[in-house]
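FYI, side chains are in, hydrogens and waters are out, and symmetry mates aren't considered; it's all heavy atoms of this structure. Remember, predicted model here, so these are calculated numbers, not experimental data. Protein chains get the first letters and strands the later ones, always in sequence-line order, with residue 1 at the start of each.
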There are 2 protein chains.
Amino acid sequence: MATDSDSGNTNAARALAPDSHRKASDQSIYEAIYEAVLTQRLPPGSRLPEVALSELFGVSRSIIRKALTRLASDHVIEQRPNQMAMVARPGVDETRQIFAARRLVEGEVMRLTAGTLNKTRLQELKRLVKEEKSAHQSGRDQDRVHCSMEVHRFLARHCPNQVLGQMMRELVLRTSIVIALYKSPGMSACFLGDDHARLAELISQGKGDQAAALAHRHLCALEELLDLNEADPAIDLARILRPEA
Amino acid sequence: MATDSDSGNTNAARALAPDSHRKASDQSIYEAIYEAVLTQRLPPGSRLPEVALSELFGVSRSIIRKALTRLASDHVIEQRPNQMAMVARPGVDETRQIFAARRLVEGEVMRLTAGTLNKTRLQELKRLVKEEKSAHQSGRDQDRVHCSMEVHRFLARHCPNQVLGQMMRELVLRTSIVIALYKSPGMSACFLGDDHARLAELISQGKGDQAAALAHRHLCALEELLDLNEADPAIDLARILRPEA
DNA sequence: CGAGCCCGAAATGTATACACCGTATGGCGA
DNA sequence: TCGCCATACGGTGTATACATTTCGGGCTCG
């Protein structure tokens with residue numbers, strides 16, 4: 001071990017707890033890690049030692065283990081026996097399947113949600129889109145990613161069918177993970193033209209089928225931007241663990 | 001509370017461990033409860049005390065808690081603070097959403113799976129359908145439910161898109177729960193004509209769209225057979241006690 | 001006689017101790 | 001000098017002890 005700064009160190013602290021979270025519940029810990037992975041502050045492969053987390057959050061390992069078990073259930077982290085948990089690192093096949101599943105589910109969510117949002121909700125949605133655009137133009141990448149995720153999660157959260165909504169939220173998270181894994185250098189992840197703005201417009205106008213079609217194209221375009229050709233795990237590892245000067 | 005035979009007692013023992021499962025892993029415990037709920041041996045509302053389960057399986061509560069946490073993540077059980085876990089009892093809204101979600105997902109799974117099964121797999125599928133029919137005619141309800149579930153789970157397991165396949169498995173389980181909850185007395189749950197046999201035929205012929213359409217109709221018919229009109233007592237109370245009388 | 005209160009059994013919530021496993025370090029030998 | 005092996009360390013796996021809460025029975029008071 002030498003000039004690490006690798007993605008496998010135990011630097012989860014900075015990404016998880018900017019200020020002390022003393023006496024956190026398992027739910028808050030779950031959400032903290034969830035949010036950190038969603039916004040790509042915890043990149044795929046990040047290691048999550050139970051003892052470090054327990055000290056970080058000021059609770060015993062029991063609580064940490066419960067949070068980690070739930071995260072593993074959601075495919076956010078991988079837990080192998082007697083090994084430290086790490087943020088999931090899906091392969092190329094699984095990545096394509098995640099996108100296909102999300103196209104199916106998100107399309108239906110758009111169809112169901114279009115025309116059902118009241119004025120307040122629509123304002124909130126458009127505010128998110130505007131904030132995303134602003135963050136993009138300002139170069140605040142962290143904020144942009146956050147807002148971009150929130151646009152999709154907002155629609156999932158307000159879908160009349162919450163079973164589908166929950167599925168979509170899980171797929172959005174897994175999509176965020178694979179984007180962090182396979183994105184080309186410098187690509188503007190999930191900021192494709194004004195897709196989100198147009199999507200919000202179609203949703204507000206109740207044009208469900210058009211919104212679904214747009215979401216479908218949006219996701220196809222996003223998948224196209226990824227580097228999904230290399231099949232060798234060794235190459236993947238090399239790219240992930242690159243010193244990244 | 002009087003002539004109970006209620007679904008809330010602690011008789012999980014008989015349904016879970018016919019013979020002693022000494023030193024079971026959390027995975028095997030998870031699967032045991034999962035299977036028992038799937039086949040409706042553990043009806044909705046069944047209570048699952050940690051201490052009883054730990055003695056049953058011969059492990060400490062740590063293992064039990066891990067299994068229960070995973071089951072709660074899958075919406076198989078409900079865990080409320082300081083209360084015993086119980087098999088989930090979804091309301092009518094959630095039930096309709098589960099069916100809608102399953103129609104969407106299972107339709108796509110059929111489309112993707114049709115024409116991809118080799119001869120061995122097709123034989124296995126048709127054997128399941130035959131066993132289900134046999135169990136139905138013999139009146140072995142337990143076996144019939146098991147085979148019926150397995151038909152759907154078999155297709156989910158062999159879907160080329162395993163992300164969707166896993167989603168479908170979860171939805172099949174939740175469907176089983178709501179069927180047990182809302183089925184009319186004496187209805188032949190999920191044995192509608194020869195739907196499964198015809199489905200297997202369409203799958204083997206590679207007719208994905210027709211298989212998807214059949215699955216869609218199959219699920220609609222199934223939902224129609226349920227009693228989804230009667231309001232839950234709790235819901236009644238909530239409506240009565242709401243502020244705006 | 002009925003309603004309310006108190007208390008105890010039993011369940012879960014949490015922390016901790018100990019055993020086991022995997023990995024990395026450092027020494028030893030060819 | 002390079003490669004192999006033993007040992008130490010850090011991590012998770014599991015069990016258990018203790019604190020806290022809930023629910024029920026039974027007593028007492030009005």
Residues two or more places apart in sequence or in another chain: which of them pass side-chain contact (heavy atoms from CB on, under 4.5 Å) with [X]?
X      : result
A:N118 : A:T120, A:R121
B:C147 : B:E131, B:E132
B:L181 : B:P44, B:R89, B:P90

Notebook entry, point to check: Does A:Q97 have any side-chain hydrogen bond (donor to acceptor under 3.5 Å, both in side chains) partners at least two apart in sequence or in another chain, and if so, which?
Noted result: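 Listed in chain order: nothing, the list is empty.
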Any residue meeting salt bridge (Lys or Arg N to Asp or Glu O under 4.0 Å) with [X], in chain and number order, not counting sequence neighbours:
X      : result
B:E150 : B:R153, B:R157
B:R103 : B:E223
B:D143 : B:R140
A:R169 : none

Residues 65-75 of chain A side chain polar contacts: donor-acceptor under 3.5 Å, at least two apart:
| from | atom 1 | to | atom 2 | distance (Å) |
| --- | --- | --- | --- | --- |
| A:R65 | NH1 | A:E50 | OE1 | 3.3 |
| A:R65 | NH1 | A:E50 | OE2 | 2.9 |
| A:T69 | OG1 | A:R65 | O | 2.8 |
| A:R70 | NH1 | A:D26 | OD2 | 3.3 |
| A:R70 | NH1 | A:Q27 | OE1 | 2.9 |
| A:R70 | NH2 | A:Q27 | OE1 | 3.1 |
| A:D74 | OD2 | A:Y30 | OH | 2.3 |

Short heteroatom pairs, N/O only, protein and nucleotides 14-17 of chain D, under 3.5 Å:
| from | atom 1 | to | atom 2 | distance (Å) |
| --- | --- | --- | --- | --- |
| D:dA15 | OP1 | B:K23 | NZ | 2.8 |
| D:dA15 | OP2 | B:S60 | N | 2.9 |
| D:dA15 | OP2 | B:S60 | OG | 2.8 |
| D:dA15 | N7 | B:S62 | OG | 2.8 |

So which protein nitrogen or oxygen atoms get under 3.5 Å of nucleotides 9-11 of chain C's nitrogens or oxygens?
none

Notebook entry, point to check: So how far off straight is the helix from C:dC1-D:dG30 to C:dA30-D:dT1, going by the axes through five pairs at either end, to 10°?
Noted result: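 Terminal axis comparison yields 10°.
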